[in-house]
Q: 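Below are the structure tokens for one structure; questions will follow.
Owing to the predicted nature of the structure, the values given are computational and were not obtained by experimental measurement. Each chain gets a letter, A, B and so on, in the order the sequences are listed, and its residues count up from 1.
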Amino acid sequence: MAELQHRSFSLGRIAALTGNTFTELVRLKVFYFLLIFALLLIGNSLFMARLSFQQEFQVLKDVSLGAMSIFTSLLAIVATAQLLPRDLEDRTIYTILAKPVPRYEYLIGKLAGVLLLLGLSILAMSALFLALLFVREQMLMSETLRETAGLRPEQVQAAIRSLEESAFNANLLPGIVIIYLKAALLAALTLFISTFASSNIFTIVVMVFIYFIGHLQATAREYWLQEHGGGWLAKTFLALVALAFPDLQLFNLVDDIVAGTAIPPGLFAQTAVLGCVYTSVYLFFAWVSFHGKAL
Amino acid sequence: MIRGVIIGALLLLFGGLRLPIESSLTEQHRSAYFHQARLGLDLREQIGQLGFLAALSGFRSLVADVVFIQAHVAWERTEWGRVLLLFRQATTLQPRSVLFWDMAAWHMAWNASVAALHDEALPNDLVRRKAQREYIDLGKDFLERGIKNNPDRPQLYESLARLYKEKLQNHAAAATCYARAAALPGAAEYDNRFAAYELSFAPGHEREAYEALRRLYDLGEHERLPTLLTRLKFLEEKLGIPLYERIPDKEK
């Protein structure tokens, strides 16, 4: 029988860790938030029926994408924050790391599990959102056709075109991808913080602060880089904020997509690459922090 | 301790490396008209601490929608001062939403102005007319600022043209707005025609209007609509166009 050789990097081991992490998270019944999301959408849709169709679609899209963003960000932070403390508490981590599993594989597996959960959640939310958008569009379409029955064909066409343009916008899809990448970034950063945090509460609190500061990072960066931007103390503080925190505002494309702005594909691609780089670098930092740490 | 210092240094190094990329991306966002919202202290006072915090945390659009719905409710109660205040907040939070600017202008120039004209609480007709004019100017101001924030979209030019035509009877300005709308992608096909119609009503622009209408007429049957033919005939008479250059009488 051929001797089994231990490989320093194994996709199989990472897949096993990913599957295990995903199962653990699903058992925490985190998918209940999907129910809240569905209720929010349907409730919003019923309430908005009193507005004009342009208003209704704009509010529906804003509420749905805003809810997607907050739910995925919260899920990324809360689900990741409890991974390491839970494994330590259950002593599962000792069983895993006692086997020839490198620590980076452990971290990659854990993060991949969260990313899988986030991916499925955002897919489910997108499906719900697009289905509701489609149903409302069809309902309003038949209403419009009924109301414009006596008009000239080009006027009917114009009314239908206006309705279609208000309802679905192809830019919504890249916008949703960017929401996912922002959540992935937050998950990787949470994993990094949790490698040296004393408890998951500490990690969550720190991440909430990072979330708020991250949305103001661009403002701090601009003030820092301005020539007449205040004294050295203020400049040092602004430099620290600009250098240490991620710029989360760059990932808020949906506000403008809903308002009808077309995202240039190049800009979308650059934002997506930046999101991937952030996630990879924070995962690397997590490994630097976790590597050789006495457990 | 050493590990902490190494991680801190790496974090700052990464920050330094991504700095030019982030600055360039922010610039690209700006040039694509993103993130034009100015979240200042005055807005914080208006929308409250919680709303301001939400706006800063990536939920600007959502907060704008909530404010917009509040404005809608205020309109249903005909609280015009509150409608104005709330629409100012909504448009500040989401300046790329054409809908907000358009609705704000419509409420001010059409609804509030008419309400002011019939407001029994105001002492006399002069004051009522003054209030009406002020609301129309507020509507115009919303549209002009909306256009500054959305120069690439035709809808607000069309709305401003309607306001000039119906509320201010300034047909030359209406024609200019329709012409600007027509030059933008996504403009309605009638914008060019409406620009010519409005010009035909503007004193001193008869020759220009005649040429514009004639150009449209020469495009073919699909442009020869009743209003176009009527205005063209009117201008032929007024300008004394030679008979052989006039459109056939059967088209009258």
Q: Please look at Tyr278(A) and chain B and tell me whether the side chain, the backbone, both or neither of the residue comes under 4.5 angstrom of a heavy atom of that chain.
A: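 For Tyr278(A), the contact with chain B is made by backbone and side chain together.
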
Q: Indicate the atoms forming the closest heavy-atom contact of Gln58(A) with Phe100(B), along with that distance.
A: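 Between these two residues, the closest heavy atoms are NE2-CZ, 3.5 Å.
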
Q: Which distance, rounded to the nearest 0.5 Å, do you find between the CG of Leu267(A) and the CD of Gln28(B)?
A: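 Going from the CG atom of Leu267(A) to the CD atom of Gln28(B) covers 5.5 Å.
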
Q: Just how far is it from atom CG of Asn252(A) to atom NE2 of His29(B), taken to the nearest 0.5 Å?
A: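 Atom-to-atom, Asn252(A):CG and His29(B):NE2 are 9.5 Å apart.
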
Q: Do Glu222(A) and Thr26(B) touch side chain to side chain, with heavy atoms closer than 4.5 Å?
A: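 A side-chain contact exists here, since the closest heavy-atom pair is under 4.5 Å.
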
Q: Side chain, backbone, both or neither: which part of Tyr190(B) has a heavy atom under 4.5 Å from chain A?
A: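 No part of it gets close to chain A.
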
Q: What option among Leu25(B), Val98(B), Leu62(B) has the most heavy-atom pairs under 4.5 Å with chain A?
A: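 Looking at each of Leu25(B), Val98(B), Leu62(B) in turn, Leu25(B) comes out on top.
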
Q: Checking heavy atoms, do the side chain of Ile7(B), its backbone, both or neither come under 4.5 Å from chain A?
A: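 The answer is the side chain of Ile7(B).
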
Q: Is Leu10(B) in contact with chain A via its backbone, its side chain, both, or neither, using a 4.5 Å heavy-atom distance?
A: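 Both parts, backbone and side chain.
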
Q: Measure the OH-CG distance between Tyr282(A) and Leu11(B) for me, rounded to the nearest 0.5 Å.
A: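 Interatomic distance, Tyr282(A) OH to Leu11(B) CG, rounded to 0.5 Å: 6.0 Å.
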
Q: Rounded to the nearest 0.5 Å, how far does CG of Leu19(B) lie from CG of Leu225(A)?
A: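 Those atoms lie 5.5 Å apart.
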
Q: For atom CZ of Arg180(B), is the number of surrounding heavy atoms from other residues, nucleotides or ligands below 6.0 Å larger than 12?
A: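 Counting other residues, nucleotides and ligands, CZ of Arg180(B) stays at 12 neighbours or fewer.
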
Q: Do Phe14(B) and Val277(A) come close enough that some side-chain heavy atom pair is under 4.5 Å?
A: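 With C-beta onward as the side chain, the pair touches.
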
Q: Give me the contact list for residues 185-194 of chain A versus chain B, heavy atoms only, anything under 4.5 Å, ordered by residue number.
A: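 If one takes a 4.5 Å heavy-atom cut-off, the residues of residues 185-194 of chain A near chain B are Phe192(A).
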
Q: Tell me every residue that passes salt bridge (Lys or Arg N to Asp or Glu O under 4.0 Å) with Glu189(B), counting only those two or more places apart in sequence or in another chain.
A: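 Glu189(B): no salt bridge (Lys or Arg N to Asp or Glu O under 4.0 Å) contacts found.
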
Q: Count the heavy atoms of every other residue, nucleotide or ligand shown that sit under 6.0 Å from OH of Tyr104(A), and state whether that count exceeds 12.
A: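 Yes, the 6.0 Å shell around OH holds more than 12 heavy atoms from other groups.
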
Q: Could you look at Val281(A) and say if it's the side chain, the backbone, both or neither that has a heavy atom under 4.5 Å from chain B?
A: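 Side chain only.
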
Q: Look only at the side chain of Arg18(B) and the backbone of Leu243(A), and say whether a donor-acceptor pair between them is shorter than 3.5 Å.
A: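 A pair under 3.5 Å: yes.
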
Q: Counting only non-hydrogen atoms closer than 4.5 Å, does Ile70(A) touch chain B with its backbone (N, CA, C, O), its side chain (CB onward), both, or neither?
A: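 Backbone plus side chain of Ile70(A), per the 4.5 Å heavy-atom cut-off to chain B.
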
Q: Rounded to the nearest 0.5 Å, what separation is found between the CG atom of Leu250(A) and the CD1 atom of Ile21(B)?
A: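 Atom-to-atom, Leu250(A):CG and Ile21(B):CD1 are 11.0 Å apart.
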
